[in-house]
Amino acid sequence: MNGPVRRVSVGVFAGFFALLLAVTWIQVIRADSLRADPRNSRPALSERGKERGLIVAIDGTVLAQSVPNPEDERSFVRQYPEGEPFAHVVGYNSFLVGSSGLENAYADQLRSRRDLTISDLVSVILGRDLRPESLELTIHSALQRAAYQGLNGLKGGIVALDPRTGAVLVSVSSPSYDPNSLLGGDAAVVWESLLADPNGPLLDRATREIYPPGSTFKTVVTAAALDTATAVPETIFPDPEEFQLPGSTATISNAGGGVCNNGESITLLLAFIVSCNTTFADLSVQVGAEDVGISAEGMGFNTDIPFPWTVPEAVYPIDLLAADPAALAQSGIGERDVRAAPLHMALVAASVANDGMTPTPYLVNRIFDADGNTVETFQPGVLSQAMDPATAAILNDMMQQVVSDGTGQGAAISGYAVAGKTGTSMGRDGFPNPWFIGFAPAEDPTIAIAVFFEGGEELGEDVSGGGVAAPLAGDLMELWLEGSP
Amino acid sequence: MTRNTEGALIVAASVLAAFGVTLVNFAQDRSLDAQTALTFLVFLIAFGGLHLAVRAFAPKATPLLLAPVTALTALGFFQIYRLDLAMETDRASFQRWWILIAATLASLTLLVFKGTTISILRRYRNITLLVSLALILLPNLPADWGFPLRGLSVNGSRLWVLLDVGFTSFQFQPAELAKLGLVAYVAGYLADHQRALREAKRHIGPIAFPEPRQLIPLLITWGVSVLILISQRDLGASLLLFVGFVLLLYAATGTTGYLVAGGFMGLVAGVASYLAFDHVQRRVIAWVAPFEHYEDEGFQIAQGLFALGTGSLSGAGPGLGRPDLIPNASTDFIFAAVGEELGFAGTVSVIALFAVTVAVGLGIAFRSRDTFRKLFAAGLSFVLAVQTILIIGGILRLVPLTGITLPFMSYGGSALVGNLILVALLLRISHEEAP
């Protein structure tokens with residue numbers, strides 16, 4: 001009788017073996033995907049109430065901090081004391097709606113490592129510090145606040161960089177939201193209402209949305225023309241009312257209609273200063289998609305720019321435009337297929353300001369531990385050499401004349417030479433998007449900026465980059481120059 | 001291994017239970033409180049007492065069985081305590097009382113058989129059967145009559161009786177005891193009819209089938225299982241008894257035809273119950289596609305898998321996971337709760353401890369010379385093994401979830417009483433069969 005008992009026993013232990021295989025499959029092989037399933041709230045819940053590191057601006061202003069929970073002394077609550085102006089950069093860390101911004105990108109550094117796991121115990125024995133690390137940003141809080149106020153609740157984004165290093169001084173998007181409102185028990189409701197808001201307060205219009213850059217893109221076309229010796233500032237172009245698009249019956253006309261100069265001829269310099277569309281449509285075709293593309297890519301187009309979060313690539317579709325001269329002409333004035341975020345256009349300005357070298361933008365200056373000791377410092381880098389230094393010098397001079405004599409006069413600052421370029425691109429529902437890019441002081445730039453407003457009902461149809469964006473850029477650069485050490 | 005080693009291991013397992021409770025307290029930032037000492041004392045008194053009862057009443061019993069059982073109870077208890085803190089329930093103190101009661105009843109079982117032999121269960125097997133059937137039907141008593149013993153429905157299954165003794169009331173699942181009686185009855189019946197059953201064979205092809213007349217015991221067990229399924233809507237207990245009995249029939253006779261016929265009858269009953277009962281359908285849906293039915297049928301299984309996956313290799317740590325997110329964690333899903341906080345290390349330990357317990361039980365069966373004791377020990381071990389594999393397999397999605405408890409670990413007094421008496425019976429058989 002032991003025979004059948006033995007056979008059943010073998011079956012029973014095959015059953016136990018099957019349990020071991022199944023538990024290995026679930027807890028070892030499939031563990032990561034089960035843990036990461038968005039319906040599994042455990043990872044977020046385990047973060048809840050734990051201390052996180054500080055996020056401070058370069059001037060020491062606290063942007064995010066954990067303070068002891070008054071209702072429960074063994075847990076912490078997160079606070080964002082500066083609120084809306086910093087919301088898109090700092091982000092939030094909510095157990096209900098997840099995390100974003102730097103709170104998400106630097107989660108590993110900001111979180112407490114005191115989880116009492118075996119690896120934590122090993123770390124303690126090895127003397128490692130389990131307290132959360134903190135971030136010091138490159139952002140200047142006063143300039144950031146001023147930029148947010150300057151946008152005045154309208155849709156838009158501003159990015160300012162130190163052109164010498166790529167340090168991001170300002171990255172602001174409007175309208176914004178209060179990240180503190182996503183921390184409470186009603187976060188999901190707040191989240192839904194923010195998502196439903198037609199003004200899109202959750203959108204980061206500074207670094208994570210791309211728009212047609214309009215005439216600010218003429219800076220790129222000019223750099224390509226100078227680099228390839230297709231033209232010099234004194235080169236004379238025809239001055240028609242309309243430019244006939246090659247291979248098409250459509251035409252390009254100038255802002256406000258009419259000719260740009262005398263109806264006979266116009267120099268490249270004057271065309272740049274008054275932002276003449278017909279000249280740049282012509283020039284774009286003359287330079288060609290490939291050479292404009294080289295300059296554009298040198299300034300950060302079609303490039304995956306390293307940043308704490310994924311920045312959408314600025315678009316200049318070289319192959320497409322090489323095959324379509326009409327589109328190439330329209331792209332010469334920053335329309336049609338060209339797209340960029342304010343971050344990219346700030347890099348274009350920075351590239352001219354920095355002798356043709358495009359700096360790598362960075363937001364986090366250093367990471368420091370709970371005792372204030374630096375753990376890691378960001379080393380400034382160069383994205384690429386976008387143009388010849390001589391080209392940058394000529395372009396710098398041309399951009400100064402835009403502000404002194406041309407469309408960008410609103411950006412002028414008394415006592416300083418300012419360089420810039422305006423733009424007014426075709427936005428949603430036909431409303432114009434005002435743009436301005438520029439830098440100051442022109443002879444030794446310490447700030448490069450891109451100011452963008454998204455066109456819409458509130459802004460109206462009669463706005464231009466020179467009228468709206470240039471004055472705000474001028475105010476912000478003046479604040480920087482007057483206040484900077 | 002000697003009896004003294006067993007004693008030392010029981011003390012170690014008691015320390016394990018108290019240590020688990022203490023770690024949970026620290027993890028939840030509670031200070032060291034009376035729970036630690038209370039837990040240690042209850043385990044020491046209950047299992048230490050059972051250990052002393054074995055020394056006194058069944059001194060020749062195997063010393064291998066009590067230690068793994070104590071360890072399993074300790075692992076389950078610490079998780080019940082941990083879930084209490086999250087759910088703001090007070091199950092741990094109930095469970096502590098039940099551990100004491102169950103150990104006392106197991107000791108009494110050893111005492112009862114001291115003066116006699118376990119073979120009296122074989123002699124009076126018809127009485128055992130009647131008592132077991134009465135126990136199974138007890139929950140079908142009216143829930144609202146004046147008599148202090150009433151039936152009770154919990155979660156749609158009518159498995160409970162409520163004993164109202166005036167100042168307080170007890171809830172009890174009589175099927176947990178009936179399980180043991182039915183195994184004893186079947187083992188006794190098979191021991192008496194073994195020869196006839198084995199020799200009356202009819203060969204169809206390579207498979208030996210019993211004479212139709214000899215299928216009667218199989219039909220009876222099948223009938224009892226179906227009765228439980230219909231009257232009490234309890235898929236788990238029904239399946240457990242049926243599989244256990246078919247295995248025992250096969251073990252007694254070596255007739256493969258019983259496995260084939262039993263498998264066929266089980267399949268028929270399974271398909272029929274799937275068609276007839278929506279709670280069976282829901283279980284199957286949750287088994288096949290828990291994540292596609294996350295909002296309703298699949299929620300519990302999906303949460304169990306999330307718990308196990310998040311626990312991963314080393315677990316969140318005692319008191320640091322969120323096993324309270326799993327519905328009915330302390331009864332049905334205690335295995336997943338342990339897996340979340342103790343990780344793969346914990347789940348493998350649990351499976352290994354069950355495998356050891358079952359192996360010791362089967363070893364007792366192998367070494368038994370008396371047919372009844374052999375079959376009884378084998379049947380008890382089969383039931384323990386099948387129950388463990390069904391519930392853990394249900395959590396791990398190997399089989400549909402059947403809603404039976406994990407022996408020794410799940411919260412619940414009746415199951416603990418039934419399973420510790422099961423252990424006592426195995427110990428008694430081991431004592432009687434010792435050379």
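A quick note: this is a predicted structure, and the numbers were derived from the prediction, not measured. Throughout, a chain's letter reflects where its sequence line sits, starting with A, and its residues are numbered from 1.
Residue Arg7(A) holds its CZ atom at 9.5 Å from CG of Leu259(B), rounded to the nearest 0.5 Å. For the atom pair Asn40(A) CG and Arg322(B) CZ, the distance stands at 11.5 Å (nearest 0.5 Å). Atoms CD1 and CZ, from Ile26(A) and Arg397(B) in turn, are 8.0 Å apart once rounded to the nearest 0.5 Å. Atom CD of residue Gln27(A) and atom OG of residue Ser314(B) lie 10.0 Å apart, to the nearest 0.5 angstrom.
In the displayed structure, Phe17(A) atom CZ is contacted under 6.0 Å by at most 12 heavy atoms of other residues, nucleotides or ligands. Residue Phe307(A) places its CZ atom among more than 12 non-hydrogen atoms of other residues, nucleotides or ligands, all under 6.0 Å distant.
Between Leu19(A) and Phe354(B) there is no side-chain heavy-atom pair separated by less than 4.5 Å. Annotation: side chain of Leu396(B) is not in contact with side chain of Trp25(A) (no heavy-atom distance under 4.5 Å). Taking the side chain as every heavy atom from C-beta outward, Val28(A) and Ser312(B) never approach each other to under 4.5 Å.
Each of Leu248(B), Val246(B), Leu247(B), Leu362(B) was evaluated against Val8(A); a single residue qualifies, Leu247(B), per the side chain to side chain contact (heavy atoms under 4.5 Å, CB included) test.
Chosen from Val358(B), Leu313(B), Val386(B), the residue pairing most often with chain A at heavy-atom distances under 4.5 Å is Val358(B). Put simply, of Gly311(B), Ala378(B), Gly393(B), Ala359(B), the one with the most heavy-atom pairs under 4.5 Å next to chain A is Ala359(B). Between chain A and the residues Ser368(B), Ala352(B), Ala302(B), Ala307(B), the most heavy-atom pairs under 4.5 angstrom are made by Ala307(B).
Shortest non-hydrogen contact noted between Leu305(B) and Leu34(A) is O-CD1, 3.5 Å. The nearest pair of heavy atoms linking Asn2(A) to Ala365(B) is OD1-O, 4.2 Å. Scanning both residues, Ala31(A) and Gly309(B), for their nearest heavy atoms gives CB-O, 3.5 Å. Between Ile389(B) and Phe16(A) the shortest heavy-atom distance is CD1-N, 4.0 Å. Nearest heavy atoms, Thr310(B) versus Arg42(A): OG1-CD, 3.7 Å.
Both tests pass for Arg6(A) against the ring of Phe366(B): distance under 6.0 Å to the centre and angle within 45° of the axis.
Only the side chain of Ser41(A) comes within less than 4.5 Å of a heavy atom of chain B; its backbone N, CA, C and O stay farther away. With a threshold of 4.5 angstrom between heavy atoms, Phe335(B) approaches chain A through side-chain atoms but not through N, CA, C or O. In this structure, the portions of Ile351(B) lying under 4.5 Å from any heavy atom of chain A include both its backbone and its side chain.
No donor-acceptor contact under 3.5 angstrom links the side chains of Arg39(A) and Gln303(B), judged on distance only.
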